Amino acid sequence: VLSWNMMISAYAQRGFVNEARRTFDAMGMEKRNLLSWTAMLHGYVRNRRVEDAKCMFDQMPVRNIVSWTEMLQGCSQTGHLAQAERVFQSMPQWNVVSWTAMLKAYALNGHVEAAEDLFYRMPERNTVSWTAMLQVYAQSGRPAEAMTLFGVMPEPDILSWTVMVTTYANCGHGEVAVELFQRLVLEGLKPSRVSLLSVMVACTRLGLVQQCWYYFTCMKDDHGVAPHEEHYSCLVDLLERVGQVDQNKV
RNA sequence: CAAAGAGAU
């Protein structure tokens, strides 16, 4: 049963929902447990097959908080905020994961008020939920509010820092993004692929050609992150920018 | 063995 469940998850993760379903069907009713059902449900949700997900959910012999959160995710991901709220309200229990999933749904729709309300009512918060709330502000174009929250959150991790770097890289205050990036390195956190891209973007927009190159060239040795396609694209932007400047001079 | 948070063009 264990290995069957793992197969379902593996297929689902790679987008092979139909393969996952075949495995699920091959198990037969007797061998399926709650985890098999949830893994299959997750497969449909991940691949945006909300109707199939609903069908799975309704057919499940037993549902738990994980299956409910999965359905919530399915609705929110496909832009059905009202449905997501209905699922959320119908859940028999909540935990920090389901609350955070609901926060994310609000973030996607820019419902700052509802998100704040939920966030302050949550009986429990962790780094993930704090970061989801940062993202609510970020996506609503409220960097200052994100910064205030960031300043008081207990244990920001690399994703929390990255939200901040990215937010400032995109709102016309690249200098703040660069500063934040430098601070996260000083804090001893390991920059991620995304945070490195964001700081490069910030430099590009500030016209800091040298510094952008610097981040690009040292990312592997200093941070253990091999440059990816997106980092090269950013360099292309940077070079285009330099080219334009040169043309303007001529 | 299953569920929640970050990415410019």
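Sequence lines set the chain letters: A, B, ... in the order given, protein chains first and strands last, and positions in each chain run from 1. Quick note: numbers below take in every heavy atom, side chains included, and nothing from hydrogens, waters or symmetry partners. Please read all numbers here as calculations on a predicted model, not as lab measurements.
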Hey, can you pull the donor-acceptor pairs under 3.5 Å for the side chains in residues 177-191 of chain A, sequence neighbours left out?
from: A:Gln182; atom 1: NE2; to: A:Tyr215; atom 2: OH; distance (Å): 3.4
from: A:Lys190; atom 1: NZ; to: A:His223; atom 2: O; distance (Å): 3.3

key: Spacing between A:Met40 atom CE and B:A2 atom C1', to the nearest angstrom   = 12 Å
Side-chain polar contacts of residues 129-137 of chain A - donor-acceptor pairs under 3.5 angstrom, sequence neighbours left out - could you list them?
from: A:Ser129; atom 1: OG; to: A:Asn126; atom 2: N; distance (Å): 2.7
from: A:Ser129; atom 1: OG; to: A:Asn126; atom 2: O; distance (Å): 3.0
from: A:Ser129; atom 1: OG; to: A:Asn126; atom 2: OD1; distance (Å): 2.9
from: A:Thr131; atom 1: OG1; to: A:Thr127; atom 2: O; distance (Å): 2.7
from: A:Thr131; atom 1: OG1; to: A:Ser160; atom 2: OG; distance (Å): 2.9
from: A:Tyr137; atom 1: OH; to: A:Glu116; atom 2: OE2; distance (Å): 2.5

ask   = What does nucleotides 3-9 of chain B look like as a protein-contact string, B for base, S for sugar-phosphate only, - for none, at under 4.0 angstrom between heavy atoms?
value = BBBBBB-
inquiry  = Quick check: do A:Thr78 and A:Gln83 have side-chain heavy atoms less than 4.5 Å from each other?
reply    = no
message = Rounding to an integer number of Å, can you tell me how far A:Met6 CE sits from B:C1 P?
response = 7 Å
inquiry  = Any donor-acceptor pair under 3.5 Å linking the side-chain atoms of A:Arg21 with those of A:Tyr11?
reply    = no
note = Shortest non-hydrogen pair, A:Ala146 vs A:Met164, comes out as C-CE, 3.8 Å
